[in-house]
Amino acid sequence: MAIVAERTTHGSRAVKVRGRRLMILVATVPTIFFYVVFLIFPIIYSFAMSFTNWNPVSVLIPLRFLGLLNYTKIVTGNLFWICMRNTIYYASMHIGATLVLGLVLATLINSLQYLRSFYRSVFYLPVLTSVVAAGILFRWIFQPRYGLINSILALVISTFGVQLRLPMYLQDPKWAMACVAIMTIWKGLGYTIVLFLAGLQGIPQVLYEAAKVDGASAWKSFWYITVPTLRPTILFVAVTGVIGALQSYVAQFIMSIGRHMDQAGGGPVNSTRTLVFLLFDEAFRNSRFGYASAIAVLIFIVIMSLILVQRRALRTEWSY
Amino acid sequence: MRSFLLTRRSFLRGAAATVSAVLAAACQPAVVEVEKVVTKEVEKVVKETVVVTERVEVKVRDTELPFKYYQMGTPNSGNPIKLTYWNYSSTEVHFWPKWFDAYSQAYPNVTFEITEVPYTQMWTKLQVAIPAGEAPDFFYVHQDGAHWTIVMGGLLQPLPEEIFPPAEIQKTFAALESWSGPKGRAYWLPIGAMQGCLYYNQDMVQEAGIDPDRDLNTWDGVIEAAKAMTKRDAAGRVEQAGLDINGFWAWGPPFYQQGYFLWPKGYRYPCYNQEPMIKALEFFWDVNHKHQVCDDDFLNWQDGFAAGKVGMNTAWNWFTRWMRLNHPTVNFGVRPTPTWSGEFAPATGYGSPDPQSPGVPITTPPERAQVCFDVIAWLYSRPDYLIDLSINKLTPPAIPALADHPLLKTEPTLAPLLPAAEWAILGRGGAPLAGGEYGQYAGEEAIKASGGNIREAVAKGHEAAKKATLDYKEEVGEENFYVFEHNYLHADLMKYPDCD
C-alpha cells in the first residue's frame with residue numbers, strides 16, 4: 001500500500017516536472033522563434049550583405065562579393081562623416097537637454113503639494129502627439145518671415161527700434177539641426193519627466209530629513225542625495241536616449257528642406273541629414289541595400305561603443 | 001478573499017486559443033475583404049459624384065493614332081476574371097472606375113478591383129510586394145517612383161510586341177525611346193509632356209498692367225514684370241513678391257534653353273561644370289539678390305503663391321492641379337516656361353513623361369497578364385481616353401497626333417502649354433546619385449550658404465557627381481547603367497558638352 005502511494009507520489013511529481021517543462025517550452029519557443037527570425041537572422045544577413053552589391057529589388061543586377069569596398073567608400077566619402085557629425089550634434093543636444101530639463105522639472109513637480117498630476121499630464125501631452133504633426137507645426141513656428149517666433153521678435157524689434165537680423169532657422173545650416181532638436185526635446189520631455197518622477201518617489205524621505213538635520217541646503221540635498229540615488233534612472237534615460245537619438249530620422253525628414261529635384265531632404269546643405277537618414281536614402285531611394293547594410297553595421301558599432309562607455313561612466317555599485 | 005491566480009492549465013488554454021486565433025487571422029483574406037469594401041465604397045462615391053462627362057462622351061475619333069488596338073480574342077477566353085490594380089492618386093477616384101467600367105462593358109467577363117495607395121508608399125510597397133508575390137495584377141507606373149528601381153530591376157514585364165508593335169507605339173508616344181528599359185524594350189507608355197511653367201496671379205498681373213501673352217515670354221520680361229508686382233512694407237521687406245523661386249531652383253529650363261545637353265556623347269558622366277549651367281544658376285541667384293523681387297526669408301514658391309502673396313513662380317505643371325484642388329480661390333494663369341530669346345527652339349527645358357500607363361509586374365501569371373496588356377492596349381490606343389487622361393492630369397500629351405486637338409484647347413491651363421510640349425527634353429538627364437551629389441554643393445541651399453559663389457559651387461558639385469556616377473557604374477556594371485538625354489526630338493539643334 002505504502003509502495004503504491006510512493007509510486008503515485010513519484011508519478012505525479014514526474015507529471016508535474018513534465019508539465020513545467022512543457023510550460024517553459026510553450027512560453028519561450030514562440031519568443032525565441034520570433035527573436036531569431038526577425039532579429040538575429042536579419043542582423044547576420046545584413047552583416048553578410050554589407051560585403052556585396054546586394055539589390056533585392058533587381059533581378060537583373062547579379063549579386064557580387066565586393067569585400068570591404070562598401071566600407072571603404074563609406075569611410076573615405078564625405079557624406080558619411082557629415083551625417084555622423086550631425087547625428088552626434090543632435091544626440092548631444094537632445095540627450096543633454098532632456099536629462100537636465102527632465103530632472104529639474106521632475107524635481108520641481110515632485111516638490112509640489114498640489115497639481116502634481118496636472119503638470120505631469122501637461123508635460124506628457126506632446127509625447128502623445130504624432131511626430132509628423134509636431135514636425136509640420138514646428139516648421140511653421142520656425143518659418144523666418146511669418147513664423148510664430150520671428151513674428152514676435154519682429155514686433156519687439158519694431159517697438160524698440162533695434163537693428164537686428166532675425167535667424168532663418170530651418171533654412172540656415174547653422175540653425176537647422178538645433179530647431180529639429182528643440183521640437184524633439186519638447187516632444188520627448190514628458191516621458192523623461194515621468195521616469196524621473198517615478199525614480200524620485202522611490203527615494204526614502206529619511207535621507208532628506210537626515211540631511212536637513214545636518215544642515216544641508218536644498219541644492220546640496222539635490223546634488224548629494226537626489227542625483228546619486230537617481231543614477232539608475234539617469235543611466236536608463238541616457239542609454240535609451242542615445243539609442244533613440246542615434247537612430248533619429250523621422251523628425252529630420254519632416255522638418256528638413258531640400259526635398260525637390262534630386263534631393264530627398266536633409267537640408268539645408270545636408271545639415272539635418274543623420275546616419276539613419278543616409279541609410280534610408282541609400283536603401284530605398286538608390287536601391288543600394290549592400291551599401292546601406294554597411295552603414296547599418298557602422299551605426300551599430302557606434303551605438304554599441306557609446307553605450308559601453310556610458311555604462312562604465314554611470315556604473316552604480318551601491319545601494320541604500 | 002478569493003485569489004485569481006493563473007493556473008498552468010488555463011495559461012495553456014489561453015495560449016492555444018491565442019495561437020489558433022492568430023493562425024485563423026493569418027489565413028483569412030482580410031485585406032481582400034477590406035479592398036472589396038473600399039472598392040464598393042469607391043463605386044458608391046463614383047455613382048453619387050457628379051462627374052463632368054462631356055469630354056469623354058464626345059467621340060474623338062477624328063484623329064487616328066498610329067497605335068491601333070488589336071483584339072486578341074475575348075480576354076481570358078470569356079471566363080470571369082477580376083484584375084487587381086494599384087493607383088497612387090486618390091484624387092482620381094472617378095477616373096479609373098469610369099474607364100475600367102468602359103472596358104467591362106466591352107468585355108463583361110473582366111472586372112476590376114482598384115486599391116488607392118499613397119504616392120509616398122506606393123514604390124516601397126511594390127518593391128517588397130513584387131518579390132514576395134503579393135503585387136497587384138497591374139499598377140499605374142510613375143517614371144520617378146518606378147522606372148529606376150522596378151523597371152531597371154527587371155520586375156516589370158515588357159509590353160508584348162504582338163499587342164504593342166514597336167513601330168506603332170514609337171510613332172505614337174514621343175518619349176518612348178527615352179523611357180525604354182532593359183534590352184531596349186518598352187515596359188510602360190510615356191504619355192505626357194510635364195514641363196516647366198510660369199504661373200502668375202491674374203489679379204496682380206492685371207493690377208500691374210501686364211499682358212501675360214506679350215510680357216512673360218522671356219526671362220528679362222519676367223524680371224521686369226516681377227519688379228512691377230513687388231511690394232514692400234515700411235521696413236523695406238518684401239511683402240508681395242513679384243517672382244518667388246525660394247525652395248525651387250529648377251535649373252533645367254534656363255540651362256537647356258542655351259542649347260547644350262548635360263551629358264557628353266557616350267554618357268560618360270554628366271557635365272555640370274559648363275558655362276550655360278553657371279549662367280542659369282546666376283539668374284536664380286540674382287532674383288533675390290540683384291533684382292530683389294523676393295527675399296530669402298519669404299515664403300517658399302509653393303506656399304507663397306497659394307497664399308496669394310506672390311505674383312509669379314516657376315513650377316512643373318502638376319502645380320495646376322494642386323492649386324485647383326487645394327487653393328481654388330486663387331485666380332491664376334499659366335504660361336510655358338519663359339526662354340532667353342522668346343522662342344521655344346532649341347529647347348524649353350527638361351520635362352517628364354507624366355502621365356503614363358499602367359505596367360504589369362513579373363509576378364502576374366501569363367493568362368492574367370495577357371488581359372492586363374489587353375486593357376492597356378484598349379485604353380492607350382483611344383484618343384478620347386488619352387485626352388481625358390491629359391485633362392484629368394492637366395498635362396499636355398507628348399503625342400504628336402493629338403497636339404492640335406480642339407478638346408485640349410478648351411482647357412485654359414492646358415492650352416497655353418500645348419505649343420511648348422514638343423520642345424521639352426523628355427529623356428532622362430539625371431542618373432542615380434549624381435543629382436544628389438551635385439546638389440550638395442551647387443543646389444540652391446549650398447549656393448546661398450556660400451554667399452553666391454556659383455562658379456566654385458558648380459566645380460565642386462561636378463566633381464562629386466562625376467565620382468558618384470563612376471562609382472555607381474562600377475557597382476551595378478556598365479551594362480545596367482542607362483541615361484537617355486540625346487533622344488530629344490530636336491536633338492539636331494543641341495550641342496554636346498565636353499568636360500573633364
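Computed over heavy atoms, backbone and side chain alike; hydrogens, waters and symmetry mates excluded. Chain letters run A, B, ... following the sequence lines, proteins first, then strands; residues in each count from 1.
- Neither the backbone nor the side chain of A:K174 comes within contact range of chain B; no heavy atom of the residue lies under 4.5 Å from a heavy atom of that chain.
- Residue B:Y119 places its OH atom among more than 12 non-hydrogen atoms of other residues, nucleotides or ligands, all under 6.0 Å distant.
- The only option from B:D296, B:D233, B:D295 that meets the salt bridge (charged side-chain N to carboxylate O under 4.0 Å, His left out) definition with A:R145 turns out to be B:D295.
- Within the 4.5 angstrom heavy-atom criterion, only side-chain atoms of B:T124, from C-beta onward, approach chain A.
- Within a 6.0 Å radius of CH2 in A:W175, no more than 12 heavy atoms belonging to other residues, nucleotides or ligands are found.
- Ranked by non-hydrogen atom pairs under 4.5 Å with chain B, the options A:V59, A:D172, A:N150 are led by A:V59.
- Atom CZ of A:F160 is surrounded by 12 or fewer heavy atoms from other residues, nucleotides or ligands within 6.0 Å.
- Other residues, nucleotides and ligands contribute at most 12 non-hydrogen atoms within 6.0 Å of the NZ atom of B:K460.
- Of all the heavy atoms in A:L79 and B:E437, the pair that sits closest is CD2-OE2, 4.3 Å.
- Closest approach of B:P131 and A:P56 over heavy atoms only: CG-O, 4.2 Å.
- With chain B as partner, the option from A:N55, A:I82, A:V57, A:I61 having the largest number of non-hydrogen pairs under 4.5 angstrom is A:V57.
- In this structure, no portion of B:K183 lies under 4.5 Å from any heavy atom of chain A.
- For B:L126, no part sits under 4.5 Å from any heavy atom of chain A, backbone or side chain.
- Contacts with chain A were tallied for B:K467, B:M152, B:R237, B:K448; B:R237 has the most, counting heavy-atom pairs under 4.5 Å.
- The candidate from B:D471, B:N300, B:I130, B:N246 with the greatest count of non-hydrogen atom pairs under 4.5 Å with chain A is B:D471.
- Contact annotation for B:A446: both backbone and side-chain heavy atoms come within less than 4.5 Å of a heavy atom of chain A.
- Rounding to the nearest 0.5 Å places CD of B:E474 at 7.5 Å from CZ of A:R64.
- For the residue pair A:Y146 / B:D303, no side-chain donor-acceptor distance below 3.5 Å is found, with atom types taken as modelled.
- Neither the backbone nor the side chain of A:P30 comes within less than 4.5 Å of any heavy atom of chain B.
- Using modelled atom types, one finds no donor on one side chain facing an acceptor on the other under 3.5 Å when comparing B:E475 with A:N53.
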